[in-house]
Engineer: 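Take a look at this one; I'll ask things after.
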Amino acid sequence: MKLSGCNFHGVIVIVFVMLSISSTSAMTNFNVLNFGANPIGRTDSTDSFLKAWNAACSTADSTFIYVPKGRYLVGSLAFKGQCKSPQIIIRIDGTIVAPSDYGVLGKWENWVSFERVSGVSIIGQGAFDAKGPSLWACKASSSNSCPLGTTTLRFTNSNNITINGLTSLNSQMFHIAINGCQNVQIQGVKIIAAGDSPNTDGIHVQLSANVEIFNSSIKTGDDCISIGPGTKNLWIEQVTCGPGHGISIGSLAKDLEEEGVQNVTVKKTIFSGTQNGLRIKSWARPSSGFVQGVRFIDSVMRNVQNPIVIDQNYCPHNENCPGQVSGIKIKDIRYENIRGTSSTPIAIKFDCSPKNPCTEISLRNVNLTYLDKDAQSFCCNVVGKVFDLVRPNSCL
């Protein structure tokens with residue numbers, strides 16, 4: 001074990017909600033068509049969806065909201081909690097479609113949002129189509145008139161949430177956001193957006209505990225999964241990522257007072273053509289935050305620019321960089337059974353804070369190559385150990 005200078009060295013029990021319509025006979029059922037929703041998508045169905053939710057929410061029994069096959073044009077939907085119903089299952093077999101004018105949704109922070117709800121499950125084989133490409137094109141033109149954009153699906157301050165089997169297409173910004181929630185299970189989702197779509201994180205988790213993400217495919221223009229401050233007890237398994245920016249803890253150190261990230265497991269993941277694989281990133285500024293107890297296990301890298309990276313000097317595009325020293329404390333990070341190919345010479349990069357070096361970093365059974373040759377590793381301000389085979393030769 002040693003503290004390296006900056007150098008190169010070459011050479012909860014998951015409950016799957018899979019209910020058919022017939023199995024909900026004991027529940028009180030609500031079909032959005034009965035509230036006037038138009039399945040052809042020619043007229044706005046926003047009020048119909050809200051009326052169906054209000055009817056379910058005000059019922060004392062467990063309830064079931066059904067969205068049949070079809071295309072439903074809706075604007076911003078804000079579903080509020082404190083419901084009488086102890087359980088609300090929403091089955092979506094149709095496609096929820098955003099207005100063609102990106103400005104209609106772009107002025108809202110969220111397209112479909114749930115706040116202070118408990119026991120809500122969204123299931124089915126349906127989709128959310130946010131029609132993001134026109135907004136992305138506006139942003140690419142450097143126009144100052146473009147709205148920021150909206151998150152497709154957000155849960156805030158909610159408990160016991162299930163999202164199963166849905167598809168999110170072309171979100172204006174984040175596809176799915178989990179903020180301030182407890183006990184969330186995301187299973188079998190598909191997230192699709194162009195590789196150059198801006199700020200289209202697949203799944204973002206922050207200020208939340210006991211979140212599980214399983215068996216999902218994410219293709220997007222930003223982080224496939226981004227993990228923000230205040231996240232603990234997060235389990236990610238059998239996720240494919242690419243295109244995208246990888247699975248990232250951070251960015252952190254945006255604020256001086258910031259909650260830490262702890263007890264995160266990322267297991268059996270595949271990265272294909274991504275900018276990063278397994279990443280921890282923080283701005284170089286003071287912060288009370290930390291990252292600890294992270295396990296990266298059984299990952300395959302296929303032509304990934306930065307397969308393993310800790311970057312405590314994060315500053316995208318090198319614009320308005322704080323130029324200070326990161327206060328984020330990073331320790332107890334394990335990489336096990338990571339293999340595949342890097343598209344750049346440096347396959348392992350640990351660029352840690354000189355004030356708060358990364359500690360208890362371990363590499364075990366890592367095999368990463370570059371163009372069928374030995375790759376390189378880079379270490380700065382990091383303490384760690386190597387076990388068994390590690391390739392490239394570690395600078396720890």
Side-chain angles (χ1 to χ4, degrees), residues 4 6-11 195-196 198-202 218-227 236 239-253 261 264 266 269-284 291 294-318 321 326 328 330 333-353 358 361-363 366-382 384 386 390-396:
S4 78
C6 302
N7 62 83
F8 287 91
H9 201 303
V11 206
D196 60 354
N199 302 116
T200 53
D201 292 39
I218 304 174
K219 302 177 180 180
T220 194
D222 210 299
D223 293 326
C224 290
I225 300 175
S226 55
I227 303 161
I236 300 167
V239 170
T240 62
C241 170
H245 293 183
I247 294 178
S248 297
I249 296 176
S251 56
L252 305 176
V261 175
V264 174
V266 179
T269 49
I270 299 175
F271 300 87
S272 299
T274 53
Q275 185 184 91
N276 306 286
L278 306 167
R279 175 167 65 159
I280 300 173
K281 55 178 177 174
S282 76
W283 294 86
V291 180
V294 178
R295 305 293 180 261
F296 296 118
I297 304 169
D298 291 336
S299 291
V300 175
M301 307 289 171
R302 297 172 178 166
N303 202 36
V304 173
Q305 291 182 36
N306 304 292
I308 294 175
V309 57
I310 298 177
D311 181 5
Q312 291 203 262
N313 291 290
Y314 175 71
C315 186
H317 314 299
N318 293 316
C321 302
S326 177
I328 299 293
I330 298 175
I333 316 296
R334 299 182 188 177
Y335 303 86
E336 300 180 12
N337 301 327
I338 314 299
R339 59 199 181 277
T341 57
S342 173
S343 64
T344 62
I346 301 175
I348 300 174
K349 181 180 179 181
F350 297 136
D351 186 8
C352 299
S353 168
C358 301
I361 310 300
S362 71
L363 298 166
V366 175
N367 188 1
L368 297 167
T369 60
Y370 167 64
L371 298 178
D372 294 325
K373 300 182 298 186
D374 288 329
Q376 298 176 338
S377 60
F378 171 83
C379 295
C380 193
N381 305 308
V382 57
V386 172
V390 172
R391 183 185 182 200
N393 293 335
S394 173
C395 48
L396 289 179

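As a basis for the values below, the full set of heavy atoms in this structure was taken, side chains included, without hydrogen atoms, waters or symmetry mates.
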Engineer: Evaluate the side-chain proximity of Leu363 to Ile348: yes if any heavy-atom separation is below 4.5 Å, no if none is.
Structural biologist: yes
Engineer: Val300 and Arg339: side chain to side chain contact (heavy atoms under 4.5 Å, CB included), yes or no, with the steps?
Structural biologist: CA-CA 5 Å; Val300 175; Arg339 59 199 181 277; 3.6 Å; yes
Engineer: Between Gln376 (side chain) and Pro345 (backbone), is there a donor-acceptor pair under 3.5 Å?
Structural biologist: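 No.
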Engineer: Got Cys358 and Asn381 here, is their nearest side-chain heavy-atom distance under 4.5 Å?
Structural biologist: no
Engineer: For side chain to side chain contact (heavy atoms under 4.5 Å, CB included), just list the numbers for Tyr314 and Ser282, CA-CA rounded to whole Å, side-chain angles, deciding distance to a tenth of an Å, and then say yes or no.
Structural biologist: CA-CA 5 Å; Tyr314 175 71; Ser282 76; 5.8 Å; no
Engineer: Using every non-hydrogen atom in the two residues, find where Gly242 and Lys219 come nearest and quote the distance to one decimal.
Structural biologist: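 Closest heavy-atom pair between Gly242 and Lys219: O-CG, 3.1 Å.
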Engineer: Would you give the length of the straight line joining atom CD1 of Ile247 to atom CD1 of Ile225, rounded to the nearest 0.5 angstrom?
Structural biologist: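 Going from CD1 on Ile247 over to CD1 on Ile225, the span is 4.5 Å.
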Engineer: Compare all side-chain heavy atoms of Arg334 with those of Ser362 and state whether any distance is below 4.5 angstrom.
Structural biologist: yes
Engineer: Are side-chain heavy atoms of Ile227 and Ile236 found at a separation under 4.5 Å?
Structural biologist: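 With C-beta onward as the side chain, the pair touches.
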Engineer: Taking all non-hydrogen atoms of both residues into account, name the closest pair between Ile338 and Leu278 and its distance.
Structural biologist: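 Taking Ile338 first and Leu278 second, the nearest heavy atoms are CD1-CD1, 3.9 Å.
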Engineer: If you define the side chain from C-beta out and look only at heavy atoms, does anything of Trp283 sit under 4.5 Å from Ile328?
Structural biologist: no
Engineer: Kindly state each residue pair satisfying side-chain hydrogen bond (donor to acceptor under 3.5 Å, both in side chains) with at least one member in residues 300-309, sequence neighbours excluded.
Structural biologist: Asn276-Asn306
Engineer: What is the distance from atom CD of Gln312 to atom CD1 of Ile330, rounded to the nearest 0.5 Å?
Structural biologist: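 Going from the CD atom of Gln312 to the CD1 atom of Ile330 covers 3.5 Å.
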Engineer: Considering only heavy atoms from C-beta outward, does the side chain of Ser299 approach that of Phe271 to under 4.5 Å?
Structural biologist: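 Result yes, sub-4.5 Å side-chain heavy-atom pair found.
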Engineer: Are the side chain of Thr341 and the backbone of Thr369 linked by a donor-acceptor contact shorter than 3.5 Å?
Structural biologist: no
Engineer: Could you please spell out the steps behind the side chain to side chain contact (heavy atoms under 4.5 Å, CB included) verdict for Lys281 and Asp223?
Structural biologist: CA-CA 12 Å; Lys281 55 178 177 174; Asp223 293 326; 3.3 Å; yes
Engineer: Does Thr274 offer a backbone N or O that forms a donor-acceptor pair with the side chain of His245 under 3.5 Å?
Structural biologist: no
Engineer: To the nearest 0.5 Å, what is the distance between CD1 (Ile280) and CD1 (Ile308)?
Structural biologist: 10.5 Å
Engineer: Please evaluate residues Cys379 and Cys395 with respect to the criterion disulfide bond (SG atoms under 2.5 Å apart), reporting the C-alpha separation (whole Å), side-chain torsions for both, the decisive distance (0.1 Å), and the verdict.
Structural biologist: CA-CA 6 Å; Cys379 295; Cys395 48; 2.0 Å; yes
Engineer: Minimum heavy-atom separation for Pro392 and Ala375, please, with both atom names.
Structural biologist: CB-O, 3.3 Å
Engineer: Might you point out which heavy atoms bring Val304 and Pro307 nearest each other, and give the distance in Å?
Structural biologist: O-CD, 3.6 Å
Engineer: Can you run down the salt bridge (Lys or Arg N to Asp or Glu O under 4.0 Å) pairs that involve residues 242-253, sequence neighbours left out, and say none if there aren't any?
Structural biologist: none
Engineer: If you measure from CE on Met301 to SG on Cys241, what distance do you get to the nearest 0.5 Å?
Structural biologist: 9.5 Å
Engineer: When rounded to the nearest 0.5 angstrom, what distance separates OG in Ser353 from CD1 in Ile310?
Structural biologist: 12.0 Å
Engineer: Can you give me the closest heavy-atom contact between Tyr335 and Val366, atom names plus distance?
Structural biologist: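 Nearest pair, atom of Tyr335 first, then Val366: O-CG2, 4.2 Å.
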Engineer: State whether the side chain of Thr200 and the backbone N or O of Thr220 hold a donor-acceptor pair below 3.5 Å, judged by distance alone.
Structural biologist: no
Engineer: How close do Cys224 and Ile218 get, heavy atom to heavy atom, and via which atoms?
Structural biologist: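 Heavy-atom minimum between the residues: O-CD1, 3.4 Å.
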Engineer: Assess the residue pair Thr269 and Phe296 against the criterion (side chain to side chain contact (heavy atoms under 4.5 Å, CB included)); give the C-alpha distance rounded to whole Å, side-chain angles, the decisive distance to 0.1 Å, and a yes or no.
Structural biologist: CA-CA 9 Å; Thr269 49; Phe296 296 118; over 6 Å; no
